[in-house]
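Take a look at the structure set out below.
Sequential numbering from 1 along the given sequence is applied to the chain's residues.
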Amino acid sequence: MTAAAALAAPMAPPAGGLAAARLRRLGRVDYEPTWRAMQRFTEQRGEDTADEIWLLEHPPVFTLGLAGRPEHLLRDIGVPVVRVDRGGQVTYHGPGQLVAYLLLDLRRRRLGVRELVRRLEQALIDLLAGHGLAAERREGAPGVYVGDAKIAALGLRVKNGCCYHGLSLNVRMDLAPFAAINPCGYAGLAVTQLADHVPNCDVDAVSEELLRTLEVNLR
């Protein structure tokens, strides 16, 4: 499904704990048109526009953040590279990775960026704890880690008090493309995925779990 078609589909009703955020399940959509749609939504929203959460997967793509340094792209493996307007360095998105884009009015929620990052990390930590995994955050390196390996990444953009972009959680994917980059700008950083620890997991089920932990942590 194209991003345009997915965004034209009916939205799920608001979830209570997400403070009237509307949910879009977009399936697998190309990165750049989805990013441009987030930009348009944020530019056009008004004071009463409902927040939205978009759950999706992307075809293979490397994204390089605002301060991203090209030297963190170690070699060309035929995966497209898109320079984007989120924070952070370089990361990889691909099938089997759950992506949640959070289009939130932070002023209305009385949330600062640091507090939002903390809450998003906690939602991921809570989700993984439900599978018996002891995950943790690291000071100065946003994201969530299991042991020495990164399992989830965060990157946000704030404009006029509203944020977009969001988080990605490796569920059941081909991790090989991460070897072609310094993930999040860290040379030699190991990456892992939920399927390495919970063999029977799948993206659809994990997306429902993420919604539940976001509901708790975004109250």
Distance check, rounded to the nearest 0.5 Å: [X] atom [atom1] versus [Y] atom [atom2]?
{"X": "Q97", "Y": "T91", "atom1": "CD", "atom2": "OG1", "result": "6.5 Å"}
{"X": "D30", "Y": "L56", "atom1": "CG", "atom2": "CG", "result": "11.0 Å"}
{"X": "C201", "Y": "L194", "atom1": "SG", "atom2": "CG", "result": "4.0 Å"}
{"X": "L210", "Y": "D126", "atom1": "CG", "atom2": "CG", "result": "10.5 Å"}
{"X": "I151", "Y": "T192", "atom1": "CD1", "atom2": "OG1", "result": "5.5 Å"}
{"X": "L127", "Y": "L211", "atom1": "CG", "atom2": "CG", "result": "10.0 Å"}

Is there a path of hydrophobic side-chain contacts, each under 4.5 Å between heavy atoms, that joins [X] and [Y]?
{"X": "L189", "Y": "L124", "value": "no"}
{"X": "F62", "Y": "V191", "value": "yes"}
{"X": "L156", "Y": "V144", "value": "yes"}
{"X": "V206", "Y": "Y92", "value": "no"}
{"X": "V117", "Y": "L98", "value": "yes"}

Hey, does [Y] have a side-chain heavy atom less than 4.5 Å from the side chain of [X]?
{"X": "M38", "Y": "V84", "answer": "no"}
{"X": "L102", "Y": "L116", "answer": "no"}
{"X": "L218", "Y": "R109", "answer": "yes"}
{"X": "V99", "Y": "T34", "answer": "no"}
{"X": "I181", "Y": "H72", "answer": "no"}
{"X": "I53", "Y": "L55", "answer": "yes"}
{"X": "T49", "Y": "D105", "answer": "no"}

Looking at [Y] and [X], is there a salt bridge between them, counting it only when a charged N and a carboxylate O are closer than 4.0 Å?
{"X": "K159", "Y": "E43", "answer": "yes"}
{"X": "E115", "Y": "R118", "answer": "yes"}
{"X": "E121", "Y": "R138", "answer": "no"}
{"X": "E32", "Y": "R36", "answer": "yes"}

Main-chain N/O of [Y] paired to [X] side chain as donor or acceptor, under 3.5 Å:
{"X": "E136", "Y": "Y145", "result": "no"}
{"X": "Q89", "Y": "A67", "result": "yes"}
{"X": "Q193", "Y": "M173", "result": "yes"}
{"X": "R108", "Y": "E47", "result": "yes"}

Atom pairs and distances, donor-acceptor, side-chain atoms in residues 74-83, under 3.5 Å, two or more places apart:
unit_1: R75; atom_1: NH1; unit_2: A179; atom_2: O; d: 3.4
unit_1: D76; atom_1: OD1; unit_2: G78; atom_2: N; d: 2.8
unit_1: R83; atom_1: NH1; unit_2: G65; atom_2: O; d: 3.3
unit_1: R83; atom_1: NH1; unit_2: G68; atom_2: O; d: 3.4
unit_1: R83; atom_1: NH2; unit_2: G68; atom_2: O; d: 3.2

Verify the distance criterion only: is there a donor paired with an acceptor across the side chains of T42 and R157 at less than 3.5 Å?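 No pair is found: no donor N or O on one side chain lies under 3.5 Å from an acceptor on the other.
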Which pair of non-hydrogen atoms, one from [X] and one from [Y], has the smallest distance, and what is that distance?
{"X": "A135", "Y": "V146", "result": "CB-CG2, 4.1 Å"}
{"X": "K150", "Y": "P142", "result": "NZ-O, 3.0 Å"}
{"X": "Y186", "Y": "G140", "result": "OH-O, 3.5 Å"}
{"X": "A123", "Y": "L214", "result": "CB-CD2, 3.8 Å"}
{"X": "D204", "Y": "S207", "result": "O-OG, 2.6 Å"}
{"X": "F41", "Y": "A50", "result": "CZ-O, 3.6 Å"}

Please determine whether the number of non-hydrogen atoms from other residues, nucleotides or ligands lying under 6.0 Å from atom CD of E208 exceeds 12.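 Atom CD in E208 is packed in, count exceeds 12.
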Evaluate the criterion side-chain contact (heavy atoms from CB on, under 4.5 Å) for residue pair N170 and F178; output intermediate values, then yes/no. CA-CA 11 Å; N170 303 335; F178 282 104; 4.1 Å; yes
Please assess L154 against R137 for the test side-chain contact (heavy atoms from CB on, under 4.5 Å), listing each intermediate value before the final yes or no. CA-CA 11 Å; L154 277 74; R137 56 174 61 85; over 6 Å; no
Donor-acceptor pairs under 3.5 Å, side chain of residues 161-169 to any protein atom, not counting sequence neighbours: which ones?
unit_1: Y164; atom_1: OH; unit_2: D85; atom_2: OD2; d: 2.4
unit_1: H165; atom_1: NE2; unit_2: D85; atom_2: OD1; d: 2.7

H58: which residues meet the ring pair (Phe, Tyr, Trp, His ring centres under 6.0 Å) condition with it, sequence neighbours left out?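 In terms of ring pair (Phe, Tyr, Trp, His ring centres under 6.0 Å), with neighbours along the sequence ignored, H58 is linked to Y31, H93, Y101.
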